[in-house]
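So the structure is just underneath, and the comments pick up after that.
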Amino acid sequence: MMPTPVILLKEGTDSSQGIPQLVSNISACQVIAEAVRTTLGPRGMDKLIVDGRGKATISNDGATILKLLDVVHPAAKTLVDIAKSQDAEDSQLVAGVAFKKTFSYAGFEMQPKKYHNPKIALLNVELELKAEKDNAEIRVHTVEDYQAIVDAEWNILYDKLEKIHHSGAKVVLSKLPIGDVATQYFADRDMFCAGRVPEEDLKRTMMACGGSIQTSVNALSADVLGRCQVFEETQIGGERYNFFTGCPKAKTCTFILRGGAEQFMEETERSLHDAIMIVRRAIKNDSVVAGGGAIEMELSKYLRDYSRTIPGKQQLLIGAYAKALEIIPRQLCDNAGFDATNILNKLRARHAQGGTWYGVDINNEDIADNFEAFVWEPAMVRINALTAASEAACLIVSVDETIKNPRSTVDAPTAAGRGRGRGRPH
């Protein structure tokens, strides 16, 4: 008697397992590696990625490329997720805080655009007359009653404005709108105002200039107002920017990036971010190693020598890991147009003689002591990269089956031939 089959998976479920699945996973991950291989090093090439909406991105940053790729293979997608976790023209550096001018009402042109040693009020207060709600209803019996309501609203606004003026603040920034009445009020008193300031910019100003963000104007004392040596609104190209320099509370700098194309500015921003993060890591972890493939070649030599002392199949695994480390200097050579075989032979010989920090010399098509050449990177970056790569490899190799559930029939397209009003097909 035949045993009754036990159905565990929904009909239509895709299931693949065994050695073919392992080969598929490894092949998919190799495709991901090939996508970013040629971006490595100072001679690496850029990639042009166009998303589904037609937006084009030009970058040679591996993390950005992987983030923009629409990967559907489960194993390759896992590799991309692990990689994500490791992460112009007329541009200028501002020794302080700078942000783009916000929306302004009539009367703004009359306000001063530069102050020396101003006090700065940072607010989360709305300074405009509120529009009546659609479902609001107020019943009045006389004109005087109506006028009293209007006067009360104006008095509330002017009371706020007077308290800000009497605080001594010359620059008023608010996260909420500052209307045309308030704008003209401040202009008449030689004060500058900006409403709808993004919260991020408001907090950066607070961290650099001191003070605190106030949700009320009833306690605008000197200790809650910020200060800076110079405030100025300046035209840069077709945009106006607000500058706060000489900030007492923090050594803050702002990069204003400008260029001919948005893609170039985005890539410049990514490059600056990478450089800043490298410096940040170097300050937090002051241990550095030589780059240009030097540390990979030294680790490869050490593991290859160590593998020869181990009997059994583990020797093959460690030897394969040592060989994989040589991909970095080899790809640096390929991207620069060098003879990779010749350069790697020189590096192996030099490291065997004790040249710990010798790596690829991109400038002279040779090898050099990259530690002496100041080609450094934080040791923590290499440790994290090797750890993540090892974990990813172990994860991919440990998966021998992939199960994909079928799509819901609710989203399935209507069957062909079922036209409307044409009767039943024969």
Side-chain angles (χ1 to χ4, degrees), residues 8-9 12-41 44-45 47 49 59-87 293 295-308 310-335 340-341 343-344 347-348 360 381-407:
L8 297 177
L9 304 176
T13 300
D14 179 21
S15 175
S16 55
Q17 57 185 334
I19 298 300
Q21 180 60 51
L22 282 174
V23 174
S24 173
N25 291 344
I26 294 172
S27 299
C29 292
Q30 287 177 333
V31 171
I32 295 294
E34 290 295 331
V36 297
R37 184 188 296 271
T38 57
T39 66
L40 189 64
M45 304 299 290
K47 303 292 182 183
I49 304 105
S59 178
N60 66 355
D61 179 64
T64 300
I65 295 170
L66 293 180
K67 181 176 66 175
L68 294 174
L69 292 178
D70 188 11
V71 179
V72 296
H73 192 285
K77 194 174 182 66
T78 301
L79 186 65
V80 170
D81 291 339
I82 293 174
K84 287 180 182 178
S85 67
Q86 295 293 321
D87 225 282
I295 186 63
E296 285 81 10
M297 289 301 300
E298 183 64 19
L299 289 174
S300 178
K301 178 188 78 74
Y302 176 85
L303 290 177
R304 189 174 287 107
D305 294 342
Y306 175 68
S307 67
R308 298 190 183 100
I310 299 177
K313 295 182 179 179
Q314 288 186 350
Q315 180 182 124
L316 299 177
L317 295 175
I318 298 175
Y321 199 111
K323 183 178 180 181
L325 288 169
E326 291 187 351
I327 292 176
I328 298 296
R330 180 180 295 277
Q331 193 62 44
L332 288 172
C333 294
D334 289 341
N335 291 350
T341 302
I343 297 294
L344 257 66
L347 287 174
R348 292 191 193 102
V360 180
V381 173
R382 289 292 91 197
I383 293 173
N384 291 341
L386 291 172
T387 302
S390 301
E391 291 175 352
C394 293
L395 178 63
I396 297 303
V397 173
S398 67
V399 176
D400 70 340
E401 181 174 5
T402 299
I403 301 173
K404 296 179 67 176
N405 291 325
R407 289 192 175 187

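Just the heavy atoms: all of them, side chains too, but no hydrogens, waters or symmetry mates, feed the values below.
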Flag the pair [X] / [Y] as yes when at least one side-chain heavy-atom distance between them is below 4.5 Å, and no otherwise.
X	Y	result
I343	P329	no
R348	M297	yes
I328	I295	no
E391	L395	no

message: I'd like to check the side-chain contact (heavy atoms from CB on, under 4.5 Å) partners of Q331; sequence neighbours left out, ordered by chain and number.
response: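 R37, T38, L40, D334, N335.
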Work out which heavy atom in [X] is nearest to a heavy atom in [Y]; give both atom names and the distance.
X	Y	answer
K47	A35	CE-O, 3.1 Å
I26	I396	N-CG2, 4.3 Å
G44	N60	O-ND2, 4.5 Å
T39	M45	CG2-O, 3.4 Å

Which distance, rounded to the nearest 0.5 Å, do you find between the [atom1] of [X] and the [atom2] of [Y]?
X	Y	atom1	atom2	result
L344	S300	CG	OG	8.5 Å
I318	I310	CD1	CD1	3.5 Å
I49	I65	CD1	CD1	5.0 Å

- prompt: Under the 3.5 angstrom rule, does the side chain of E296 hit a backbone N or O of E326 as a donor-acceptor pair?
  reply: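 No.
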query: Cut-off 3.5 Å, side chains only: do S307 and Y321 have a donor facing an acceptor?
result: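 Short answer, no.
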